[in-house]
Asker: 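Got a structure for you, questions after.
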Number of protein chains: 2
Amino acid sequence: MSQGNTDVPAEAHTPQVCTVYDVLNRVSGKWSIGILVEATHGPVRFTELERNVKGISRRMLTLTLRNLERDGLLIRTVYPTVPPRVEYVATDMARELYRSLLELTGWAERHRAAIAAAREAYDRANDHGEPGRA
Amino acid sequence: MSQGNTDVPAEAHTPQVCTVYDVLNRVSGKWSIGILVEATHGPVRFTELERNVKGISRRMLTLTLRNLERDGLLIRTVYPTVPPRVEYVATDMARELYRSLLELTGWAERHRAAIAAAREAYDRANDHGEPGRA
DNA sequence: CTGAATCCCACTAGATACTG
DNA sequence: CAGTATCTAGTGGGATTCAG
């Protein structure tokens, strides 16, 4: 989400807004969560992530990893062994975040069907002349 | 977040992953939350949103509103009065989501400083010896 | 093995103008 | 008032390639 917009909507009349937005910015991105989950389960190596988060490209893995590390959500440890070995593990802060994310998981699970239904209904009601997308 | 990628990472080994990702997809976007917050406080009109979410363009307001409505998070009511009157209000589902979002708010507030510090440290550590770029 | 560099496209979002 | 249409720019992300 968000482009190069450094200026958040901020001064909206509710302080929470910018905060939530801020968190979402941090966690959003197609791969952040998947990686965070892996790293929360324990230290993982680059290649492991590449395999487990399946679907992610090397590039995006690297980029996401860097951002997560930069925000203090991940700890990157390099072992100067013969074949380079790097491990990533979630920080306590990230683990807490993960727990909050679980709340969202619950919500999503509880309403997954309702949302799907809402979408279908909406699309059906509008797809009359609309070129179907999604 | 998310480009034209219709195929979610999905089958990652943890079912929650795709779910959380799914929720985030729904709520992410620069304006979704702001609008959701407004609509959670009570029915709001298009123009009110345009004023309150300040910074949002007419176009983005419309688009975000549509998506939110499509997902069953917002109810759009049109009053066929002389000057068109349309009101948006959050559904119960959205209100629940909002509460979950509050969890994230808490997290963000608790770690805002730590994150800022982590970033500074990271940037400082990297901008030093990094010649040629950055 | 772990990553950085480059190319390219799709999508989000901003600005502006037009309409029932 | 409440949108819609169009045109453009910036960015996230995929693919591929190069390197320590």
Side-chain angles (χ1 to χ4, degrees), chain A residues 1-9 21 24-35 43-70 74 76-88 126 129-131 133-134, chain B residues 1-9 21 24-35 43-69 74 76-88 126 129-134:
Chain A
M1 104 204 283
S2 75
Q3 267 48 330
N5 196 330
T6 313
D7 71 315
V8 295
Y21 178 72
L24 256 358
N25 262 192
R26 201 156 287 121
V27 182
S28 86
K30 200 173 179 180
W31 311 104
S32 301
I33 296 185
I35 294 176
V44 277
R45 298 184 55 175
F46 189 89
T47 318
E48 284 186 278
L49 286 169
E50 204 172 359
R51 280 199 310 272
N52 296 147
V53 181
K54 260 157 205 162
I56 194 172
S57 64
R58 217 190 226 80
R59 173 185 144 82
M60 288 318 296
L61 179 53
T62 302
L63 288 181
T64 310
L65 242 21
R66 289 292 169 281
N67 286 325
L68 256 22
E69 186 196 353
R70 191 168 102 101
L74 245 42
R76 178 170 180 271
T77 312
V78 182
Y79 298 94
T81 56
V82 184
R85 178 196 183 82
V86 182
E87 283 190 348
Y88 295 88
N126 291 41
E130 293 292 313
R133 65 163 277 270
Chain B
M1 94 207 287
S2 78
Q3 264 48 330
N5 195 329
T6 313
D7 72 315
V8 294
Y21 178 73
L24 256 358
N25 262 192
R26 201 157 287 120
V27 181
S28 85
K30 202 172 174 179
W31 311 104
S32 301
I33 296 185
I35 294 177
V44 276
R45 300 184 55 176
F46 189 90
T47 317
E48 283 185 278
L49 287 169
E50 202 172 1
R51 280 199 310 272
N52 296 149
V53 182
K54 259 157 208 163
I56 193 172
S57 64
R58 215 189 230 86
R59 174 185 144 82
M60 288 318 296
L61 179 54
T62 302
L63 289 180
T64 310
L65 243 19
R66 289 292 169 281
N67 285 326
L68 256 21
E69 186 196 352
L74 246 40
R76 177 170 180 271
T77 312
V78 182
Y79 298 94
T81 56
V82 185
R85 180 195 182 83
V86 181
E87 283 189 348
Y88 295 88
N126 288 26
E130 289 301 320
R133 58 171 287 277

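Letters A, B, ... mirror the listed sequences (proteins, then strands); counts begin at 1.
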Asker: If you compare every side-chain N and O of S57(A) against the phosphate oxygens of dA15(D) (OP1, OP2), does one of them come in below 4.0 Å?
Answerer: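 S57(A) to dA15(D) OP1/OP2: no side-chain N or O under 4.0 Å.
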Asker: Tell me: NZ of K30(B) to P of dA13(C), nearest whole Å?
Answerer: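 So the two atoms are 7 Å apart, to the nearest Å.
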Asker: Work out which heavy atom in S32(B) is nearest to a heavy atom in R26(B); give both atom names and the distance.
Answerer: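 Minimum heavy-atom separation between S32(B) and R26(B): OG-O, 4.0 Å.
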Asker: Can you name the closest pair of heavy atoms from K54(A) and W31(A) and give their distance?
Answerer: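 That closest heavy-atom pairing would be O-CZ3, 4.4 Å.
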Asker: Heavy atoms only: give me the nearest I35(B)-L68(B) pair and the separation to one decimal.
Answerer: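 Result for this residue pair: CG2-CD2, 3.9 Å.
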Asker: Roughly, in whole Å, what's the span from OH in Y88(B) to C1' in dG3(D)?
Answerer: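 The answer, rounded to whole Å, is 8 Å.
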Asker: When you measure from the side chain of R59(A), which nucleotide among dG3(C), dG14(D), dG3(D) comes out closest?
Answerer: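 Side chain of R59(A) sits closest to dG14(D).
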Asker: So what does Y79(A) hit on the nucleic acid, given a heavy-atom distance under 4.0 Å: a base, only sugar-phosphate, or nothing?
Answerer: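 Since no nucleic acid heavy atom lies under 4.0 Å of Y79(A), the category is nothing.
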Asker: To the nearest angstrom, how far is N126(A) atom CG from dG3(D) atom P?
Answerer: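 Answer to the nearest Å: 13 Å.
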Asker: Relative to the 5' end of DNA chain D, which residue comes earlier, P84(A) or L63(A), by the nucleotide with the nearest heavy atom?
Answerer: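 Taking each residue's closest nucleotide, the earlier one in sequence belongs to L63(A).
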Asker: Roughly how many Å is it from CG in N25(A) to C1' in dT11(D), rounded to a whole number?
Answerer: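 So the two atoms are 13 Å apart, to the nearest Å.
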Asker: Hey, which of these two, T62(B) or R45(B), hits DNA chain D nearer its 5' end, going by closest nucleotide?
Answerer: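 Closest to the 5' end, via its nearest nucleotide, is R45(B).
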Asker: Can you name the closest pair of heavy atoms from R85(A) and T81(A) and give their distance?
Answerer: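 R85(A) and T81(A) have their closest heavy atoms at CB-OG1, 3.7 Å.
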Asker: Which nucleotide sits closest to the side chain of R58(B): dA13(C), dA2(D), dG3(C)?
Answerer: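 Of the candidates, dA2(D) comes closest.
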Asker: Report the residue from E87(A), R58(A), R76(A) that forms a side-chain contact (heavy atoms from CB on, under 4.5 Å) with F46(A).
Answerer: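 Among the candidates, only R58(A) passes.
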Asker: Find the distance R85(B):CZ to dG3(D):C1' and express it as a whole number of Å.
Answerer: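 In whole Å, dG3(D) C1' and R85(B) CZ are 16 Å from each other.
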Asker: Rounded to the Å, how far apart are E69(B) CD and dA2(D) P?
Answerer: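 So the two atoms are 14 Å apart, to the nearest Å.
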Asker: Verify the contact: side-chain N or O of R66(B) to OP1 or OP2 of dG3(D), cut-off strictly under 4.0 Å; return yes or no.
Answerer: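 So the side-chain polar atoms of R66(B) do come within 4.0 Å of the phosphate oxygens OP1 or OP2 of dG3(D), strictly under.
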Asker: Toward the 5' end of DNA chain C, which comes first, P83(A) or I56(B), by nearest nucleotide?
Answerer: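 First, find each residue's nearest nucleotide; the 5'-ward one identifies P83(A).
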Asker: What is the distance, to the nearest angstrom, from the CE atom on M60(B) to the P atom on dA5(D)?
Answerer: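 After rounding, the reported distance stands at 15 Å.
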Asker: Please give, in whole Å, the distance from dG3(D) P to L49(B) CG?
Answerer: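 After rounding, the reported distance stands at 10 Å.
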